[in-house]
Student: 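Here it is, the structure in full.
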Amino acid sequence: MTKPNDQDLFVRRASLILGLRQVGVRDRDVLAAIETVPREAFVPAGLQDEAYEDRALPIECGQTISAPSVVAIMTEALQIEKGDHVLEIGTGSGYQTAILAKLARRVTTIERHRELYRTAERRFDALGLRNITAIHADGNKGWERQAPFDAIMVTAAAEKAPTVLIKQLDDGGRLVVPIGSEDDEQRLTLFAKQGERVEVEDLGAVRFVPMRPGTGGRS
Ligand code: SAH
């Protein structure tokens with residue numbers, strides 16, 4: 001397998017954007033963010049050739065980088081505005097974090113595996129993304145000390161609706177999270193907080209690695 005050159009990557013990225021439009025991604029800011037973040041910088045060295053395929057790819061620690069269309073749908077659902085502070089749980093490769101960082105004022109991202117957290121932080125530095133705070137911790141309880149957030153994205157599957165995260169949303173805030181067990185169907189679910197009310201919307205079936213408790217120790 002050969003390493004793709006810049007010209008190849010340019011063409012592949014353009015055709016990915018076209019494909020995303022065709023599956024119904026309309027938000028121009030989200031498409032522009034996907035167009036500017038080099039996904040090849042977030043996939044393992046041996047998989048560079050597949051960086052612009054619309055599918056999830058394996059990353060370190062047995063985890064996955066989500067398919068670009070899933071990244072687009074989840075990001076679009078959050079309707080991020082320029083002044084927003086976004087919390088992401090499940091940094092993984094850092095690709096989704098980088099997309100959020102292009103749209104929001106500030107992104108706080110939490111990863112339980114130390115190795116993934118470190119690698120992602122190096123990538124943010126290399127790409128000059130300075131509005132990201134990466135944290136090595138268990139994200140199950142969110143990040144109370146910086147709450148409330150304008151938007152929260154969880155990129156690992158929760159067993160049930162995470163009420164603790166809904167509490168950390170500001171009034172008017174949105175939370176997107178896959179809900180379901182590892183083997184069963186998971187539903188991508190959007191919660192929108194309006195005063196005391198929380199509206200829930202089902203965004204369809206998805207497949208994510210599960211949320212795990214605690215931190216991944218040295219790994
Ligand atoms: N958004 C990532 C997807 C990574 S897969 C990307 O684009 O690459 C999901 C990630 O969630 C994994 O890295 C996994 O380690 C992490 N994760 C699972 N449970 C967690 C928890 N309780 N706290 C923080 N991160 C968690």
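Index from 1, following the sequence. Both ligands and their constituent atoms are indexed starting at 1 by order of listing. Because the structure is a prediction, the values reported are computed rather than measured.
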Student: List for me each residue that meets side-chain hydrogen bond (donor to acceptor under 3.5 Å, both in side chains) alongside Thr75, sequence neighbours excluded, and say none if there are none.
Tutor: Gln96
Student: Counting distance only, does the side-chain N/O of Asp84 pair as donor-acceptor with the main-chain N or O of Ala104 below 3.5 Å?
Tutor: no
Student: Taking Leu190's backbone N and O only, do any of them form a donor-acceptor pair with Glu201's side chain (distance below 3.5 Å, no angle check)?
Tutor: no
Student: Would you say Leu116 ends up clustered with Met211 if hydrophobic residues are merged whenever their side chains have heavy atoms under 4.5 Å apart, either directly or through other cluster members?
Tutor: no
Student: Between the side chain of Thr155 and the main-chain N/O of Gly90, is any donor-acceptor distance below 3.5 Å?
Tutor: yes
Student: Please tabulate, line by line, the atom pairs linking an N/O of ligand 1 to a protein N/O at a distance below 3.5 Å, with the distance in Å to 0.1, or answer 'none'.
Tutor:
unit_1   : atom_1 : unit_2 : atom_2 : d
ligand 1 : 1 (N)  : Gly90  : O      : 3.2
ligand 1 : 1 (N)  : Thr155 : OG1    : 3.1
ligand 1 : 8 (O)  : Ser93  : N      : 3.0
ligand 1 : 8 (O)  : Ser93  : OG     : 2.6
ligand 1 : 13 (O) : Glu111 : OE1    : 2.7
ligand 1 : 13 (O) : Glu111 : OE2    : 3.4
ligand 1 : 15 (O) : Glu111 : OE2    : 2.6
ligand 1 : 19 (N) : Arg212 : N      : 3.0
ligand 1 : 22 (N) : Asp138 : OD1    : 2.8
ligand 1 : 22 (N) : Asn140 : ND2    : 3.2
ligand 1 : 22 (N) : Arg212 : O      : 2.7
ligand 1 : 23 (N) : Gly139 : N      : 2.7
ligand 1 : 25 (N) : Arg112 : N      : 3.3

Student: Please answer whether the main-chain N or O of Pro213 pairs with a side-chain N or O of Arg112 as donor and acceptor at a distance below 3.5 Å.
Tutor: yes
